[in-house]
Amino acid sequence: MNNISSIIIDVSVFIFALTGALTSIGILILIFCHRHQCPINTATRLICNNYLAGMISCLLLLDTYAHNLYGILHENISFNNWWCYARSYLVAVGLAALYHSYLIQAYFRLSRVVFYKRKQLYSSRFMFRLILIQWLIDFLILIPSLILQHYDYMPQYYYCQILYTNWRGIVNISIIVYYFPMTVIGSIYFYIVYYMKQNKSIAIQQNRHLGYQRDLTVLRRIIILIGMLCMLSFPSVVLYFWYLITGYLIPWIYHFQWLTFTLSLAILPIATACLTPQLRELFILKFRQHLRIHPIMEIQQTDLTTTRQETL
């Protein structure tokens with residue numbers, strides 16, 4: 001890959017990361033500013049946790065590629081320092097938190113359907129504590145990768161990450177960040193479907209069938225969002241298996257990896273907003289307020305213009 005193509009991809013990664021960060025920040029601010037019109041319940045708090053993880057991942061990748069572009073513009077420079085390794089570790093923590101936040105949402109829906117009588121398992125206080133525990137675990141579970149020096153500095157890219165040649169590091173990160181939450185979320189979905197079929201008559205008698213369908217729909221949306229993340233990252237997985245089979249590592253695989261992933265992080269906040277009824281209602285409310293304010297401003301400007309003409 002020539003220098004021009006490399007720079008174009010790096011700039012694209014920077015733009016996608018910036019887009020994802022700004023979108024996540026904007027939606028979090030919107031939720032907070034309209035908390036009186038749309039109260040922040042447990043489901044909204046879980047969505048905010050998802051946006052927080054995505055925002056942190058995007059900001060860290062933004063800093064990573066800011067160093068990358070600076071290194072391209074200023075040759076013979078090195079960023080082989082403690083922050084390079086710490087930032088790579090924090091990127092992994094952010095991505096783990098992103099996938100695990102979806103796992104917590106899946107658990108919340110499972111508790112509402114299967115353990116609906118035990119409300120303490122999905123109460124607001126319990127779910128808030130679970131979010132804090134999730135972040136604590138994400139920080140702790142990835143520390144061994146940092147201690148065992150799985151991260152390497154790549155002078156040609158001016159940042160640190162786990163190399164594809166380090167299969168132990170790749171397997172460790174892949175299981176923790178991707179495969180474990182995806183497997184559990186899929187299992188929860190199929191178990192809820194099975195449970196609903198087995199208890200359909202009881203649910204109808206207790207008027208809980210619509211609630212079950214709603215929770216199943218939300219869980220299906222979660223799987224769609226995670227599937228979108230996986231589909232955009234799938235080409236990098238194919239290239240890695242190509243390396244395992246042939247022993248040939250394509251030089252631009254790292255560029256391609258972060259290009260596809262930052263693209264998914266840029267799309268994810270918008271897709272989440274479109275698939276979440278609470279956020280859709282919030283956007284509709286904001287749009288209606290804008291429509292109310294805009295005609296009033298036009299009327300005031302018209303009256304002001306008329307007054308000036310009469311004065312003249």
Side-chain angles (χ1 to χ4, degrees), residues 1-25 53-98 139 142-174 176-177 232-233 235-244 246-266:
M1 179 179 289
N2 56 46
N3 291 333
I4 296 177
S5 301
S6 177
I7 293 173
I8 291 174
I9 291 178
D10 292 339
V11 170
S12 300
V13 171
F14 185 87
I15 293 173
F16 290 149
L18 180 62
T19 302
L22 293 178
T23 306
S24 297
I25 292 171
M55 180 194 70
I56 291 174
S57 300
C58 287
L59 289 175
L60 290 167
L61 288 171
L62 196 63
D63 182 67
T64 299
Y65 271 82
H67 284 77
N68 171 266
L69 293 172
Y70 185 87
I72 292 174
L73 296 175
H74 303 81
E75 296 182 357
N76 300 322
I77 192 172
S78 175
F79 296 110
N80 189 10
N81 50 36
W82 69 271
W83 172 239
C84 180
Y85 296 94
R87 183 180 58 219
S88 298
Y89 159 74
L90 292 175
V91 168
V93 170
L95 296 178
L98 179 63
F139 275 102
L142 291 169
I143 284 181
S145 295
L146 190 62
I147 296 175
L148 295 174
Q149 299 180 348
H150 287 166
Y151 300 97
D152 291 287
Y153 178 70
M154 297 188 294
Q156 69 274 32
Y157 300 127
Y158 305 99
Y159 58 75
C160 303
Q161 78 164 65
I162 298 177
L163 301 181
Y164 279 105
T165 53
N166 183 358
W167 66 269
R168 288 187 179 87
I170 290 292
V171 169
N172 181 53
I173 289 291
S174 298
I176 294 173
V177 176
L232 289 173
S233 302
S236 298
V237 176
V238 173
L239 293 176
Y240 179 64
F241 278 105
W242 176 259
Y243 160 70
L244 293 179
T246 64
Y248 174 69
L249 186 64
I250 298 175
W252 44 267
I253 188 172
Y254 298 105
H255 289 287
F256 193 73
Q257 170 196 358
W258 292 117
L259 177 66
T260 56
F261 207 87
T262 51
L263 175 60
S264 64
L265 289 177

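The model shown is predicted, which means the values in this text are computed figures rather than measured ones.
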**OP:** Taking side-chain contact (heavy atoms from CB on, under 4.5 Å) as the test, write out the residues that go with I253, two or more places apart.
**Re:** Y164, L239, L249
Subject >> Name of the residue among W258, Y85, Y153 meeting side chain to side chain contact (heavy atoms under 4.5 Å, CB included) with Q161 >> reply: W258
Original post:
Do any N or O atoms from the side chain of S88 and from the backbone of C160 form a donor-acceptor pair under 3.5 angstrom?
Top reply: yes
Subject >> Contact summary for L142 and A96, nearest pair of heavy atoms >> reply: CD1-CB, 4.1 Å
Subject >> Point-to-point distance, once rounded to the nearest 0.5 Å, from CG of L259 to OG1 of T262 >> reply: 5.5 Å
Original post:
If we only count heavy atoms from C-beta on, is the Y151 to S145 side-chain gap below 4.5 Å?
Top reply: yes
Using residues 56-64 as the side-chain source, report each donor-acceptor pair under 3.5 Å to any protein atom, sequence neighbours left out, with the distance given to one decimal.
from, atom 1, to, atom 2, distance (Å)
S57, OG, A53, O, 3.0
S57, OG, G94, O, 3.3
S57, OG, L95, N, 3.4
D63, OD2, W83, NE1, 3.0
D63, OD2, R87, NH1, 2.8
T64, OG1, L60, O, 2.9
T64, OG1, R87, NE, 3.1

**OP:** Go through the steps for I143 and Y89 under the test side chain to side chain contact (heavy atoms under 4.5 Å, CB included), then give the verdict.
**Re:** CA-CA 8 Å; I143 284 181; Y89 159 74; 3.4 Å; yes
**OP:** Begin with the C-alpha distance, continue with both residues' side-chain angles, and end with the deciding distance and a verdict on side chain to side chain contact (heavy atoms under 4.5 Å, CB included) for Y157 and Y65.
**Re:** CA-CA 9 Å; Y157 300 127; Y65 271 82; over 6 Å; no
**OP:** State which residues pass side-chain hydrogen bond (donor to acceptor under 3.5 Å, both in side chains) with N166; sequence neighbours excluded, sorted by chain then number.
**Re:** none
Original post:
Given the rule in the side chain to side chain contact (heavy atoms under 4.5 Å, CB included) test, do L69 and Y158 qualify, once you have shown the distances and angles that lead to the verdict?
Top reply: CA-CA 8 Å; L69 293 172; Y158 305 99; over 6 Å; no
Subject >> Which residues share a side-chain contact (heavy atoms from CB on, under 4.5 Å) with Y70, sequence neighbours left out >> reply: H74, I77, F79
Scan the side chains in residues 10-24 for donor-acceptor partners under 3.5 Å anywhere in the protein, sequence neighbours excluded, and list what turns up.
from, atom 1, to, atom 2, distance (Å)
D10, OD1, H255, ND1, 3.1
S12, OG, I8, O, 2.8
T19, OG1, I15, O, 2.8
T23, OG1, T19, O, 2.7
S24, OG, G20, O, 2.9

**OP:** Measure the CD-CD1 distance between Q149 and I162 for me, rounded to the nearest 0.5 Å.
**Re:** 12.5 Å
**OP:** To the nearest 0.5 Å, tell me how far I72 CD1 sits from Q156 CD.
**Re:** 11.0 Å
**OP:** Name all residues meeting the side-chain contact (heavy atoms from CB on, under 4.5 Å) criterion together with Y248; count only those two or more places apart in sequence or in a different chain, and write none if there are none.
**Re:** W242, T246, I250, P251
